[in-house]
**Student:** 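I am attaching a structure below and will ask some questions about it afterwards.
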Protein chains: 2
Amino acid sequence: MKPDAVRGHLDGLILAVLESGPLHGYAIIEALQARSGGALDLPTGTVYPALRRLERAALVSGAWSTVGGRQRRTYTLTRAGRHALARQRAEWAEFSSVVDAVLRPRTIPEAAS
Amino acid sequence: MKPDAVRGHLDGLILAVLESGPLHGYAIIEALQARSGGALDLPTGTVYPALRRLERAALVSGAWSTVGGRQRRTYTLTRAGRHALARQRAEWAEFSSVVDAVLRPRTIPEAAS
DNA sequence: ACGCTATAGGTAGCGTGCCTACATATCATC
DNA sequence: GATGATATGTAGGCACGCTACCTATAGCGT
């Protein structure tokens, strides 16, 4: 998939994978890969800043922990995050149906000749 | 619909409305409104630069004409534009199925209480 | 005569936000 | 001790849609 395609929808995707339970950043990237059948392979430079953005917006809350000597920052969906996710889903439904409608091929009158 | 949502998909939308036949910029905006049931109300400052971009990329070709004393620039899909449209449709199909898959609510195991 | 709206085209500059590239550190494997 | 997986992060670039303007004609109302 072309890079940049997720623009404007990344937040919703992250919130969606966090719905099933808290995850740390690296695991979020893997979860997105898994759920998309490998199509979504987001670089850390995309996801980590997004998580900080979501945390600033109070849609997720982050907490440090140490697992196997490695630092982890585990993110949990907040109540506001849950509402935001519902909103994102509704917006996506509308958006995708609009694009579907516009993109759908019309029956083209057969060319003369 | 939230502004900026069409980002990355605008070109495809414009190519799609041009598939049925040549249109000038203003008519393209109206066609997008019509096909989307009013949901897409793109400002001229979005569409006109996009058309010039598409013309530079040789996906559409523009031609001036005068209708009722007003200047019009009518855009026609080129062969390359038709290919690009097919590509955009394929990309959209993949992208939207990926987002659907990730966004789709999982059955959440009932919380222990 | 004047203003308003619809029609028609356009530019300048901004901000968002994803990407590339890089930096850092631990642990396991070879 | 080098490599790769795991894990987190920053800096800078840039594409692109948006806001806010500007210009011009035609038609209508007052």
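Hydrogens, waters and symmetry mates are skipped; everything else that's a heavy atom, side chains included, is used.
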**Student:** Taking atom C1' of C:dT7 as reference, at what distance in whole Å does atom NE2 of B:H24 sit?
**Tutor:**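 Checked: the NE2 to C1' distance equals 8 Å.
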
**Student:** Does C:dG10 have OP1 or OP2 sitting under 4.0 Å from an N or O in the side chain of B:Y48?
**Tutor:**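 No.
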
**Student:** For A:R73, report the nucleic acid contact type (base, sugar-phosphate, nothing); a contact means any heavy atom under 4.0 Å.
**Tutor:**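 Counting heavy atoms under 4.0 Å across all strands, the contact made by A:R73 is with sugar-phosphate only.
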
**Student:** Does some side-chain heavy atom of A:D11 sit less than 4.5 Å from a side-chain heavy atom of A:L59?
**Tutor:**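 A side-chain contact is absent here, since even the closest heavy-atom pair is not under 4.5 Å.
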
**Student:** Mind checking whether B:H24 and B:R73 have side chains closer than 4.5 Å, heavy atoms only?
**Tutor:**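 Not in contact.
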
**Student:** Nearest-Å distance, CH2 (B:W64) to C1' (C:dA8)?
**Tutor:**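 Value for this atom pair: 8 Å.
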
**Student:** Looking at the side chain of A:Y75, which of D:dC16, D:dG9, D:dT8 is the nearest nucleotide?
**Tutor:**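 Of the candidates, D:dG9 comes closest.
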
**Student:** Send over the distance from A:I29 CD1 to D:dA5 C1', rounded to a whole Å.
**Tutor:**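 Value for this atom pair: 13 Å.
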
**Student:** Which sits closer to the 5' end of DNA chain D, B:V6 or A:Q71, going by the nucleotide each is nearest to?
**Tutor:**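 On the 5' side of the pair lies A:Q71.
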
**Student:** Counting only side-chain nitrogens and oxygens, does B:R7 get under 4.0 Å of the OP1 or OP2 atom of D:dC18?
**Tutor:**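 No, no such contact exists.
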
**Student:** Does a side-chain N or O from A:R72 land closer than 4.0 Å to OP1 or OP2 of C:dT26, or not?
**Tutor:**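 No, no such contact exists.
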
**Student:** Side-chain donor or acceptor of B:T44 under 3.5 Å from a matching atom on the base of C:dG10?
**Tutor:**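 Present.
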
**Student:** Salt bridge check: are A:E19 and A:R89 linked by an N-O gap of less than 4.0 Å?
**Tutor:**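 Salt bridge: yes.
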
**Student:** Would you kindly give the CG-to-P distance between A:D4 and C:dT16, to the nearest whole Å?
**Tutor:**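 That distance rounds to 16 Å.
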
**Student:** Quickly work out the A:K2 NZ to C:dC19 P distance and round it to whole Å.
**Tutor:**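 After rounding, the reported distance stands at 12 Å.
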
**Student:** Between A:Q71 and A:T66, is there a side-chain donor-acceptor contact under 3.5 Å, judged purely by atom types and distance?
**Tutor:**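 Yes.
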
**Student:** By nearest nucleotide on DNA chain C, pick out whichever of B:P49 and B:R70 is the more 5' one.
**Tutor:**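 The 5'-side residue here is B:R70.
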
**Student:** Starting at the 5' end of DNA chain C and moving along, which residue's nearest nucleotide shows up first, A:V47 or A:G68?
**Tutor:**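 Counting from the 5' end, the first nearest nucleotide belongs to A:V47.
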
**Student:** Without decimals, in angstroms, what is the distance between A:L42 CG and D:dT8 C1'?
**Tutor:**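 The distance from CG of A:L42 to C1' of D:dT8 comes to 16 Å, rounded to the nearest Å.
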
**Student:** Looking at A:R52, I'd like to know whether one of its side-chain N or O atoms comes within less than 4.0 Å of OP1 or OP2 on D:dT10.
**Tutor:**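 For D:dT10, OP1/OP2 do have a side-chain N/O of A:R52 under 4.0 Å.
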
**Student:** Just how far, in rounded Å, is C1' of D:dT8 from CD1 of A:I14?
**Tutor:**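 A:I14 atom CD1 is separated from D:dT8 atom C1' by 14 Å.
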
**Student:** Quick one: label B:G45 by what it contacts on the DNA or RNA (base, sugar-phosphate, nothing), any heavy atom closer than 4.0 Å.
**Tutor:**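 If one applies the 4.0 Å heavy-atom cut-off, B:G45 turns out to touch a base.
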
**Student:** Taking CG from A:L13 and C1' from C:dG17, how many angstroms apart are they, rounded to a whole number?
**Tutor:**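 Atom CG in A:L13 sits about 14 Å away from atom C1' in C:dG17.
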
**Student:** Between B:S65 and B:R70, does any side-chain donor sit less than 3.5 Å from a side-chain acceptor?
**Tutor:**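 No - no donor-acceptor pair under 3.5 Å links their side chains.
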
